[in-house]
Structures are given as C-alpha cells and as structure tokens.
Amino acid sequence: MQLEKTKRALRLPEGSEICLRGWVYRKREIGKKIFIVIRDSEGILQTVIDSGRVSEETFNEALKASIEASIEVCGRTAREPRAPGGVELRVSKVKVWGPSEDFPIKGGEGVDYLLDNRHLWIRSRKLTAVWRIRHTTLSALREYLINNGWWEVSPPILTQAAVEGGATLFKVDFFGKEAYLSQSAQFYLEALIYSLERVWSLTTSFRAERSRTRRHLYEYWHLELEEAWAEMRDSMKVAEELISYAISRVLDERLEELEFLKRDIESLERARKGNFPSITYDEAIELLRKKGVDIKWGEDLGADEERVLTTYFETPFFVTHFPKKIKSFYMKLDPQRPDVVLGFDLLAPEGYGEIIGGSQREDRYEVLLNRIKEEGLDPKEYKWYLDLRRYGSVPHSGFGLGVDRFVMWIAGLDHIRDSIPFPRFRDRLYP
RNA sequence: GCCGGGGUAGCUCAGCGGUAGAGCGCCGGGCUGUUAACCCGGUGGUCGGGGGUUCAAAUCCCCUCCCCGGCGCCA
C-alpha cells in the first residue's frame with residue numbers, strides 16, 4: 001500500500017488503499033469504535049478503527065495509541081460527511097512507532113507554561129502554520145535578491161566594535177579579549193560593496209537591550225543589504241519591491257495557513273501592489289499635530305506616534321529625513337538641509353510598526369570623522385570603517401529588515417515570540 | 001531601566017483572617033459515528049520562597065524570586 005500525506009489523501013479517489021504516518025492529534029473511544037485524528041506536516045485526517053472490521057490485536061494496538069504517539073495506519077479512504085474535511089480512513093492495520101506518555105499540553109494552558117514546553121508546543125497546528133509562512137517568506141526574500149543581481153555574502157557574528165553605541169551588545173570572551181555578538185552586518189556589507197557592488201546577508205543579530213515589548217527579540221533574523229552607487233530613493237525602491245514580492249508569494253502559496261490563523265487578508269492584498277506612500281519626518285510631525293498629538297520637532301517618533309500615523313495609511317509607508325540628532329552617525333546628511341539625514345524607516349500598518357530601517361551612508365571622509373567625534377565616539381574604534389572613505393569612496397545606501405517582525409505582521413501574530421520556534425527574549429533561554 | 005497586573009491541585013482559576021475549592025486533565029467503568037464526545041465513580045496541594053503580626057495567615061505587613069501587559073531602545 002502507498003504511503004501518503006494527509007492533505008493528498010483528502011483528494012484521492014474513494015476507496016484508495018493507503019498508509020499514513022503521523023501523530024495522534026485527537027482520539028475518541030466510543031464503545032467498539034475508535035476515532036483517531038492523525039496529524040502530519042501537511043494537515044490532519046480522521047481515521048476510524050472499527051472492532052467489527054479489524055482483528056482484536058489491531059484494535060488493542062489502536063487503544064495504545066495515546067495523544068501524540070507516532071503511528072502508522074493503513075486502510076481505505078471513504079467520503080464521510082461526518083469527518084472533518086469530508087474524508088476519513090477506514091483502518092485495517094495500526095502500528096504504534098513511538099508511544100506517548102501523557103502529553104503535557106491539552107489546550108487552555110497559559111503563556112508561561114507553553115513557553116516552558118516550547119519544544120512540544122512547536123508541533124501545534126497554529127505554530128506549524130507560522131513555520132510554513134515563515135519558510136515561504138524567507139524563500140521569497142532570497143529569491144527576489146538572487147533574481148535581481150544581488151550577491152549573498154557572509155559577514156562575521158563575532159565582532160570587535162559596535163555599529164551603534166556600545167550599551168546594547170552581548171559580550172563574549174574571545175580568549176581573554178572582549179568580543180561582541182554582532183548587532184548588524186552593515187559595516188561589513190559596506191566594505192563588501194567595493195568588490196561586489198550589491199550585497200546582502202541574512203544573519204542573526206543580537207541586541208542586549210532589556211526590552212519589554214511584544215516586538216523585540218534579543219536574537220533576531222536580520223536581512224541586510226547594501227548597494228554601491230545608490231541614493232536613498234534607490235534603496236527605498238528595493239525595499240518596496242522586496243516587501244511586496246514576499247507578500248505576494250505568501251498570498252499565492254500560503255493562503256490556507258493564513259486562513260487557519262484567521263488572518264485578515266485585506267491589508268496584505270493592498271501591500272502586494274507596492275506603491276508605498278512616503279512622508280518626511282516634518283510631514284509626520286505636522287500630521288501628528290493635526291491629530292492633537294503634543295510633539296516637538298526633533299523628538300523621536302514613539303509607539304503612540306506610530307500608531308496615530310498608521311491611521312493615515314492602509315499599506316506600509318516610509319518616513320524619511322529624520323533630524324540627525326535622533327539617528328546614527330553613519331547616515332548621510334542631507335546636502336540641502338544639514339540638520340536632517342537621508343534615512344528612512346518602513347512602518348507596517350495595523351500597529352506592527354517599524355520593519356525596515358535604512359539610509360544613504362555618509363561617504364565623505366571628513367564629514368564622517370566629524371560625525372563620529374560629535375557623537376562622542378572614538379575614531380580609533382572606527383578605523384577600518386573610515387578607511388572605506390579613503391580608497392575610492394562611492395555614494396551608497398542600504399537597509400536592514402527585521403525578518404521576525406515581518407513574519408509577525410504577515411501572519412497577524414500578536415507577539416513576535418510566535419514568529420520563531422525558539423524565541424530568545426525576556427530572560428528566556430530554555431528550551 | 002520605569003509603570004501596572006499576577007504567582008493557590010498536572011493545567012486554567014475562585015477563595016482574601018477561622019477545617020483548602022471548582023472546571024478541565026489523569027485513572028477505572030459504560031457506550032458501534034465521535035467532532036475540545038458524553039455519562040458514572042475515583043485521584044489530586046510545601047497556597048512561589050523567607051521573615052514578621054495574630055489565639056489563628058492562602059488571606060494583613062516586610063524582604064526576595066519568577067511570570068504577564070505597557071513605555072523606552074530598535075528591526
């Protein structure tokens with residue numbers, strides 16, 4: 001008999017003889033019949049073991065198949081309106097591969113308990129749907145870049161210095177020297193454009209900031225890219241195409257999973273079309289004041305401000321030209337207005353907030369050196385980074401995408417922890 | 001780091017000075033079409049930890065640990 005997957009089995013002709021391998025998702029014993037709903041990587045399917053039609057030995061084997069036991073069942077498919085999905089498997093043979101002790105997750109458990117049992121909870125149907133959406137998202141992001149002439153490179157994770165400030169780095173012992181886990185590959189990508197011009201990397205980034213929000217991880221997946229000869233607007237165009245392409249692929253390939261998660265598709269359908277609006281920081285301040293928000297020019301946009309701005313747009317939108325005081329030293333100053341930088345954020349709608357941060361980089365040696373000094377940083381720490389402006393500097397721009405946040409928005413999750421199988425956040429290191 | 005909420009049975013919670021409770025789970029029994037099956041019976045506790053007040057503390061006070069939500073930081 002043919003080994004099948006649950007999802008395919010639903011579409012086979014009635015009476016097909018097949019075997020299924022999977023895990024016991026639900027089990028109901030009614031008198032002389034046992035209903036076992038089997039779960040595999042594709043979905044679920046109800047199976048029936050009827051004591052009148054199988055040997056006593058087979059029936060007893062089915063009795064042993066407790067929740068989450070791994071089993072193999074063989075039988076004949078049958079249309080059955082009473083079964084979920086309209087098809088069930090009438091079983092002739094049962095084999096328990098790995099029995100299961102009393103499974104700790106029954107339904108109704110709290111957040112803390114589920115996180116302590118994350119290694120078991122990740123097999124839930126909800127999280128499985130997220131993993132599938134995450135896979136397609138990652139695959140689409142890569143595909144876009146590969147098909148559009150971007151070179152994938154591999155920057156280091158162990159680094160010597162900070163990209164932005166030093167307070168938020170995880171320190172590790174590098175044989176007696178202090179080393180840090182990378183919080184961004186940006187500087188390394190900037191170095192690599194002199195060889196490959198358009199480069200990207202997908203790595204974990206680390207931020208040792210004790211965040212208490214639903215949008216922060218200490219260890220997160222960071223897609224970064226950097227392009228030579230590109231101005232800020234060029235980079236924004238790439239961001240828009242990249243995001244809308246990935247959303248489009250997820251809508252095409254993961255509709256079932258989005259529906260299972262009860263995701264409202266409307267917002268994604270609008271985003272797949274691109275054409276993200278763009279406003280300047282100045283315009284953002286103006287819009288906020290119109291809505292009665294008390295904010296002065298020069299103040300950073302916080303969560304409350306982002307929420308208000310979101311009400312103006314139904315797609316992701318850009319905010320550009322921030323005051324230089326609230327942004328990093330490496331962002332290029334606007335030649336027309338040296339009090340603002342050529343930086344941009346991309347904010348997702350529905351309250352999901354910033355998913356991309358990028359900028360044109362300062363490519364003039366003297367200006368960059370002065371900016372480093374202005375920020376009270378030590379130029380010696382940035383020696384090699386400054387060198388890049390001494391040997392054939394070019395205008396260049398780039399950005400970083402928070403992959404987990406992006407997945408969180410696509411899947412409509414209410415917490416970033418569920419966008420990744422084993423989240424590192426708060427004080428959680430187990431499992 | 002700051003503000004707020006909370007730790008009581010395996011799980012979710014009620015009880016808030018006077019003999020520790022419910023639902024679910026689990027175990028046993030019944031049932032040949034269940035959908036988180038149902039019905040009957042059974043099982044279940046350092047009331048997060050330490051100290052104090054009191055005749056008496058899960059309950060009041062102090063210290064401490066842990067969890068959740070929000071802000072800040074950002075992606």
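Chain identifiers are assigned alphabetically (A, B, ...) following the order of the sequence lines, protein sequences preceding nucleic acid strands; residue numbering begins at 1 within each chain. Note that the structure is a prediction, hence the values are computed from the model and not measured.
- Taking the six-membered ring for Trp and the full ring otherwise, A:Tyr113 and A:Trp121 have centroids separated by 6.0 Å or more.
- For B:C73, its base sits under 3.5 Å from the side chain of A:Ser211 at one donor and acceptor pair at least.
- At least one donor-acceptor pair closer than 3.5 Å links the side chain of A:Thr213 to the backbone N or O of A:Arg215.
- A gap of 32 Å separates the P atoms of B:U53 and B:G10, to the nearest Å.
- A:Ser70 contributes a side-chain N or O that, together with a main-chain N or O of A:Gly98, makes up a donor-acceptor pair within less than 3.5 Å.
- Note that A:Arg125 lies in the cation-pi zone of A:Tyr25, set by a 6.0 Å cut-off to the ring centre and a 45° limit from the axis.
- Across all strands shown, A:Asp102 has heavy atoms under 4.0 Å from sugar-phosphate atoms exclusively, and none from any base.
- Counting non-hydrogen atoms under 4.0 angstrom, A:Arg426 reaches the backbone sugars and phosphates but no base.
- Heavy atoms of A:Arg214 sit under 4.0 angstrom from primed sugar atoms or phosphate atoms, though from no base atom.
- With A:Tyr180 as the aromatic partner, A:Lys171 does not meet the cation-pi criteria of under 6.0 angstrom to the ring centre and within 45 degrees of the ring axis.
- Nucleotides B:C24 and B:C39, compared at atom P, are 8 Å apart to the nearest Å.
- In this structure, A:Ser205 reaches neither bases nor backbone, as no heavy-atom distance under 4.0 Å exists between it and the strands shown.
- For the pair A:Asp427 CG and B:C68 P, the computed distance is 9 Å after rounding to whole Å.
- The residue A:Gly357 sits close only to the backbone: its heavy atoms come under 4.0 Å of sugar-phosphate atoms, none of a base.
- The NZ-P distance, from A:Lys64 to B:C27, rounds to 16 Å in whole Å.
- When rounded to the nearest whole Å, the span between CD of A:Glu68 and P of B:G25 equals 17 Å.
- Under a cut-off of 6.0 angstrom, the local environment of CZ in A:Arg8 is sparse, with at most 12 non-hydrogen atoms contributed by other residues, nucleotides or ligands.
- Judged by distance alone, the side chain of A:Arg39 and the main-chain N or O of A:Gly22 form no donor-acceptor pair under 3.5 Å.
- With hydrogens and angles ignored, no donor-acceptor pair closer than 3.5 Å exists between the side chain of A:Arg28 and the base of B:C31.
- You'll find a donor-acceptor pair under 3.5 Å spanning the side chain of A:Lys33 and the base of B:G33, going by distance alone.
- Within 4.0 Å (heavy atoms only), A:Glu101 reaches no atom of the nucleic acid at all.
- Proximity note for A:Phe425 (side chain, C-beta onward) versus B:A36, B:C68, B:C11: the nearest is B:C68.
- Residues of residues 268-293 of chain A having a heavy atom closer than 4.0 Å to RNA chain B: none are found.
- The separation of B:G6 from B:C16, taken at their P atoms, amounts to 15 Å, rounded to a whole angstrom.
- B:G15 and B:C60: their P atoms are spaced 12 Å apart (whole Å).
- Nucleotide B:C26 is matched to B:G42 when pairs are restricted to Watson-Crick or G-U wobble geometry with both distances under 3.5 angstrom.
- Within 4.0 Å (heavy atoms only), A:Arg53 reaches no atom of the nucleic acid at all.
- Rounded to whole Å, atom C1' of B:A36 lies 9 Å from atom OH of A:Tyr25.
- Taking the centre of each ring, A:His222 and A:Phe206 stay at or above the 6.0 Å mark.
- Stacking between A:Tyr220 and B:A75 is shown: the ring centroid lies under 5.5 Å from the centre of the six-membered base ring, and the planes differ by under 30°.
- Applying the Watson-Crick and G-U wobble criteria (two distances, each under 3.5 Å), B:C2 pairs with B:G70.
- Across B:C3 and B:C55, the matching C1' atoms stand 41 Å from one another, rounded to whole Å.
- Between the P atom of B:C68 and the CG atom of A:Asp112 lies a distance of 6 Å, rounded to the nearest Å.
- Within the nucleic acid shown, A:Arg307 comes within 4.0 Å of sugar-phosphate atoms alone, with no base atom in reach, counting heavy atoms only.
- A:Leu217 comes within 4.0 angstrom of a nucleotide base, judged by non-hydrogen atoms across all strands.
- In this structure, A:Phe329 has its ring center under 6.0 Å from that of A:Tyr382.
- One atom, CG of A:Asp304, and another, P of B:G69, lie 18 Å apart when rounded to the nearest Å.
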